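None of the values given here were measured: they were computed from a predicted structure. Lettering follows sequence order; numbering is per chain, from 1.
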Amino acid sequence: MIIVDSLSKKYGGFTAVDHVTFRAEPGRVTGFLGPNGAGKSTTMRIMVGLTPATSGTSTVLGRRYADLPNPGREIGVLLDASAQHAGRTGREILTLAQRTMRIPRDRVDEMLDLVSLSDEESDRRVRDYSLGMRQRLGIATALIGDPEALVLDEPANGLDPAGIRWMRDLLRGFANKGGTVLLSSHLLHEIEVIADDLVVIGNGRIVAHGTKSDLLAAAGTFASAADLAALAKALVSAGHTAEESLGGVRTDADPAQVGRAALAAGVPLTELRPADGAGLEEMFLELTKDDAREEVAA
Amino acid sequence: MSTATVMENTDTAESERPRVEHAPIPFRTVVGVELRKAFDTRSGFWLMVAMAATGVIATGAVLAFANDSDLTYDNFGAAIGVPMTILLPVVAILAVTGEWSQRAGLTTFTLVPHRGRVIRAKLAVTVMIGLASMVLAFGIGAIGNVVGSGLRGVDTVWDLSFTSILYIVGADLIGMMIGFMLGVLMRNSPGAIVTYFSYWFVIPTISGLLAANQDWFEKAQPWVDFNYNQGQMYDGGFDATSWAQLAVTGTVWLLLPLAFGLWRVVRAEVK
């Protein structure tokens, strides 16, 4: 369990993180979503003590991060896969982590296997690694201590589609075994396919927070028809909202209500489904748009 | 800003794993890891190789080119010691700055979330490497001295007293501490190395010129020029005034900046 309580970080007059409060539960994958510069990385750096908070607290497994006796064995952290000494080999970087955590040496080979870095690749210096290889190495470093929680900042960056799929399965498995996963992304789709819970941040503030299913339900239904105007009119007269979006209409009604309204108005539907991705994406853009505007105005 | 859905706590799986209380990481582990880090990069490795190589080449050069009367322990020691004196502080600089310049600190300081401990371990490693290198230097020098005098058929001259050796070791350690201080203060490899070489090569020239031309500076120099005091140590024979001068300049040029650097290091953001 990771608890972040009213965390703030000010840089002079600029508030990078503004009273951020959320929790990441064990057994669940919590997605930390926000546009670039929204404060995700700063929040995560504060959580692990790399950046001092201006105010607020955060705890991991019931303790402040700095009070964990051997943090690598309780929480695996990957903040930036490129933040490694370029002159070390991948194997050496894992060995340093293994020695610091005082765990058996064969964990290094186990982790290299797990993230599919071959012997030859692991003996190369990190400067010659692709971003994808660095991410794999970073995930190996985070997992080597067999921790109970994971904090990963943009872990999918640089991974190819197969790699993203692999990571998704890995994190799902980790959560299913009771682990706590917090991962950030600025890409909605990436988070949507893996997260159980979502924390959406915009301009340093939490703008939405809840289970994915709740947030998706809040996003309503997507329907399409040859005559969009007629469909929208039918929905509005049935007392629902209707908003044209992406070649269809998005509404707060559930699919059954949309179907009834369309039938009553005699509008043949060509598509009818929960708004899901598209809805959440619009919500994401909308939620962060206000803050983005404030930013410009300031 | 409108939405703030309260998070619903649905089917949260209880942690299946029993909580294990892990033992804290002992300081010797941190020191061991930091020692390994001094050698496991290309720059660290070749720096060590360069020091060993210059030591051997310097010994060979003394053997090959020195007059018989110059085949003394002092000269062998100096031949090896000078390159080492110059390179050891670079080892100290890189030990600290790598965490920032190479951003390795992101991992280091999350695995050991007490920066003071990591920095203390680095200091311990710096001193260990310094002492080990000096033992090696004096050892190679002694071998060179015995072999050299034997080859030339002259008497083996041991003209370096134990006290002078202590002075040299002290001066070299101060040099390493200057490197360490610059590393902590600047947290940037090129910046710290350039500053260090300026301290080593540029300042003595300027202060030497100044002392030669300005009487007042010649008198003041021992009280303001740390480099000068450090240089005097290689000749040994300090009296109470010399120690006081070293203490004054050392406090101003080494301890105070080091304290300021450490104060900042434990507070600064690691990005």
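The shortest heavy-atom contact between B/His114 and A/Ala66 is NE2-O, 2.9 Å. Listed here is the closest heavy atom pair of B/Gln102 and A/Ala86: OE1-N, 3.0 Å. Closest of all the heavy-atom pairs between A/Ser82 and B/Arg103 is C-NH1, 4.5 Å.
Only the side chain of A/Arg102 comes within contact range of chain B, with at least one heavy atom under 4.5 Å from a heavy atom of that chain. Using a 4.5 Å cut-off between heavy atoms, A/Arg99 touches chain B through backbone and side chain atoms alike. Neither the backbone nor the side chain of A/Ala142 comes within contact range of chain B; no heavy atoms are under 4.5 Å apart. Looking at A/Met1, neither its backbone nor its side chain comes within 4.5 Å of chain B, counting heavy atoms on both sides.
The stretch residues 31-41 of chain B places B/Val33, B/Arg36, B/Lys37, B/Asp40, B/Thr41 near chain A, each with some heavy atom under 4.5 Å from a heavy atom of that chain.
B/Lys271 places none of its side-chain heavy atoms less than 4.5 Å from the side chain of A/Ser41.
With sequence neighbours excluded, the residues satisfying ring pair (Phe, Tyr, Trp, His ring centres under 6.0 Å) with A/Phe32 are A/Phe22.
Within the structure, the side chain to side chain donor-acceptor pair (under 3.5 Å) test picks out no pair touching residues 129-139 of chain B (sequence neighbours left out). Pairs passing the side chain to side chain donor-acceptor pair (under 3.5 Å) check and including a residue from residues 46-56 of chain B, sequence neighbours excluded, do not occur.
Atom CG of residue A/Leu78 and atom OG1 of residue B/Thr110 lie 9.5 Å apart, to the nearest 0.5 angstrom.
Between chain B and the residues A/Val77, A/Leu96, A/Val199, the largest count of heavy-atom pairs under 4.5 Å involves A/Leu96. Of all the listed residues (A/Gly72, A/Pro71, A/Gly49), the one sharing the greatest number of non-hydrogen pairs under 4.5 Å with chain B is A/Pro71.
Judged purely by atom type and a 3.5 angstrom limit, B/Arg115 uses its side chain to pair as donor or acceptor with the backbone of A/Leu50.
Ion pairing between B/Arg42 and A/Glu92 fails under the 4.0 Å rule for side-chain N and carboxylate O.
Under the side-chain contact (heavy atoms from CB on, under 4.5 Å) rule, A/Met101 has a single partner from B/Val112, B/Ile25, B/Leu111, which is B/Leu111.
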